[in-house]
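FYI, side chains are in, hydrogens and waters are out, and symmetry mates aren't considered; it's all heavy atoms of this structure.
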Amino acid sequence: MDQTVFWEFAIEHNMTSVVEHLINVLRTYPQDTPPLIPPPVPIDPSFHPVQPSSIQCRYLVYHAKRRIGELIRNSAGHEMTKKNWVDCARFWTQAYDSLNQTMIETDSLTALVQGYDVLEPLPDNHSRPQIIHILECLNIVRIDTEIHRDRAIANMTQRLDFLEKKLSPMHRERDEVRGSMGEERWTNNQAPRGDFARIRRPMEVECRQLRQALDTLQHLSFCFA
């Protein structure tokens, strides 16, 4: 099913809201990498249901939702390259939420294919090849997302270590000056130079944001492992 047929089929079967949402995602999130998963497989030519539209629409929705989660995850990586740790953590959370919701929604498909013998036809006009394709694609994205998250945590930890090593001697020197001046003189200094404070401040802000982002990523998990 090529891209044109995908959109025509989606619109024909009243999937306008899903199509619009996917278009907005594609426009909103910067995309540096090609899609990880190919488009949905063509409808099984040997499969002739009486009313295929509702089932086929559902399959398309699952593919679209999986792709949305993948796009949001890629955007998290894009923000990380810009050291925008707040948005990086936000996108990671949204990606996991989106993919978790899709996995919950497709769990019934897993139960369906497991409940029938391979040679048995599935009820309600379901197609076993298409269901397996949906589940395999989702599993590939889940595994790939976990790999991306582990790499992101490693890179962020390395960046945090680098900043802390730069800040450590600055903090030590600041504390030594404060000790020599006394707390009262330090607090009531009418003309502080603030040169080193201005150098430290951006790094201290980035450290705080990094710690919060790391805490967010370390607590993310999928509902089905």
Side-chain angles (χ1 to χ4, degrees), residues 1-4 6-7 10 15 17-40 60-106 133-167 200-225:
M1 183 180 290
D2 62 32
Q3 194 172 16
T4 302
F6 176 87
W7 294 124
M15 288 179 59
S17 61
V18 176
V19 172
E20 289 177 348
H21 183 44
L22 185 54
I23 289 173
N24 288 333
V25 170
L26 289 167
R27 289 174 176 171
T28 301
Y29 299 122
Q31 297 308 311
D32 298 330
T33 57
L36 179 67
I37 302 298
L60 286 170
V61 168
Y62 293 146
H63 280 293
K65 287 185 174 182
R66 184 213 70 232
R67 180 62 180 138
I68 288 170
E70 188 184 354
L71 291 172
I72 299 172
R73 184 206 69 197
N74 292 347
S75 296
H78 184 81
E79 294 302 322
M80 189 174 73
T81 62
K82 299 190 297 183
K83 297 182 176 60
N84 189 348
W85 308 116
V86 174
D87 284 342
C88 175
R90 179 168 60 87
F91 283 140
W92 268 111
T93 300
Q94 290 178 2
Y96 265 77
D97 288 346
S98 177
L99 292 171
N100 267 325
Q101 184 60 39
T102 306
M103 284 191 285
I104 290 171
E105 292 174 5
T106 56
H133 181 71
I134 289 169
L135 298 175
E136 286 178 345
C137 288
L138 189 56
N139 190 52
I140 290 171
V141 172
R142 178 188 65 80
I143 294 171
D144 192 62
T145 297
E146 290 178 329
I147 293 172
H148 275 69
R149 189 200 66 146
D150 291 344
R151 289 175 181 169
I153 289 175
N155 291 335
M156 293 163 71
T157 301
Q158 186 178 17
R159 175 65 179 173
L160 182 60
D161 290 343
F162 169 77
L163 291 173
E164 288 178 339
K165 286 178 181 178
K166 290 193 70 172
L167 284 170
R200 290 195 312 267
R201 193 168 295 115
M203 290 189 287
E204 290 171 339
V205 170
E206 187 178 354
C207 278
R208 286 195 296 271
Q209 292 176 347
L210 265 170
R211 292 188 189 100
Q212 292 171 355
L214 273 168
D215 183 68
T216 297
L217 266 65
Q218 288 166 348
H219 286 86
L220 293 174
S221 62
F222 283 119
C223 52
F224 299 106

A.B. asks: Below 4.5 Å, heavy atoms only, C-beta onward: do N74 and F91 meet side chain to side chain?
C.D. replies: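 A side-chain contact is absent here, since even the closest heavy-atom pair is not under 4.5 Å.
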A.B. asks: Are the side chains of F222 and T145 in touch, meaning some heavy atoms are under 4.5 Å apart?
C.D. replies: yes
A.B. asks: Less than 4.5 Å apart, side chain to side chain, heavy atoms only: is that true for H63 and H133?
C.D. replies: yes
A.B. asks: Treating N100 as the side-chain partner and A95 as the backbone partner, does any N or O pair qualify as donor plus acceptor under 3.5 Å?
C.D. replies: no
A.B. asks: What distance do N155 atom CG and D150 atom CG have between them, rounded to the nearest 0.5 Å?
C.D. replies: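 Answer for the CG-CG pair, N155 versus D150, is 11.0 Å.
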A.B. asks: Taking side chain as C-beta onward, heavy atoms only, is D161 less than 4.5 Å from Q158?
C.D. replies: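 D161 does not reach Q158 side chain to side chain.
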A.B. asks: Please round to the nearest 0.5 Å and tell me the distance separating atom CG of L138 and atom CG of L99.
C.D. replies: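 Here the interatomic distance stands at 6.5 Å.
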A.B. asks: In sequence, state the C-alpha distance, the side-chain angles, and the governing distance for R151 and H148, and then conclude on side chain to side chain donor-acceptor pair (under 3.5 Å).
C.D. replies: CA-CA 5 Å; R151 289 175 181 169; H148 275 69; 5.1 Å; no
A.B. asks: In sequence, state the C-alpha distance, the side-chain angles, and the governing distance for K65 and Q101, and then conclude on side-chain contact (heavy atoms from CB on, under 4.5 Å).
C.D. replies: CA-CA 9 Å; K65 287 185 174 182; Q101 184 60 39; 5.6 Å; no
A.B. asks: Can N84 and D87 be counted as having a side-chain donor-acceptor contact under 3.5 angstrom?
C.D. replies: yes
A.B. asks: Any carboxylate oxygen within less than 4.0 angstrom of a Lys/Arg side-chain nitrogen, looking at E164 and R211?
C.D. replies: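 Salt bridge present between E164 and R211.
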A.B. asks: With no hydrogens and no angle check, is any side-chain donor or acceptor of R73 less than 3.5 Å from a backbone partner on W92?
C.D. replies: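 Checked: no pair found.
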A.B. asks: Looking at NZ of K165 and CG of L163, how far apart are the two atoms once the value is rounded to the nearest 0.5 Å?
C.D. replies: 11.5 Å
A.B. asks: Measuring from M80:CE to S75:OG, what's the distance to the nearest 0.5 Å?
C.D. replies: 12.5 Å
A.B. asks: Would R67 and E70 satisfy salt bridge (Lys or Arg N to Asp or Glu O under 4.0 Å), going step by step from the backbone distance to the final call?
C.D. replies: CA-CA 5 Å; R67 180 62 180 138; E70 188 184 354; 3.3 Å; yes
A.B. asks: For the CZ atom of R200 and the SG atom of C207, what is their distance to the nearest 0.5 Å?
C.D. replies: 12.0 Å
A.B. asks: Between S98 and Q94, is there a donor-acceptor pair closer than 3.5 Å when you use the side chain of the first and the backbone of the second?
C.D. replies: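 Not a single qualifying donor-acceptor pair exists.
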A.B. asks: After noting the C-alpha distance and the side-chain angles of R142 and N139, does the key distance pass the side-chain contact (heavy atoms from CB on, under 4.5 Å) rule?
C.D. replies: CA-CA 5 Å; R142 178 188 65 80; N139 190 52; 2.8 Å; yes
A.B. asks: Salt-bridge test for K82 and E79: reply yes if a basic N is under 4.0 Å from a carboxylate O, no otherwise.
C.D. replies: yes
A.B. asks: When rounded to the nearest 0.5 angstrom, what distance separates OG1 in T102 from CD1 in I68?
C.D. replies: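 Rounded to the nearest 0.5 Å, the OG1-CD1 separation comes to 8.0 Å.
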A.B. asks: One pair to check against side-chain contact (heavy atoms from CB on, under 4.5 Å): T216 and Q212. What are the steps and the verdict?
C.D. replies: CA-CA 6 Å; T216 297; Q212 292 171 355; 5.6 Å; no
A.B. asks: Thinking salt bridges, do E206 and K83 make one under a 4.0 Å N-O criterion?
C.D. replies: no
A.B. asks: Applying side-chain contact (heavy atoms from CB on, under 4.5 Å), run through I147 and I143 and close with a yes or a no.
C.D. replies: CA-CA 6 Å; I147 293 172; I143 294 171; 4.1 Å; yes
A.B. asks: Is the shortest side-chain heavy-atom distance between Y96 and H219 below 4.5 Å?
C.D. replies: no
A.B. asks: L210 pairs by side chain to side chain contact (heavy atoms under 4.5 Å, CB included) with which of D215, V205, L160?
C.D. replies: L160
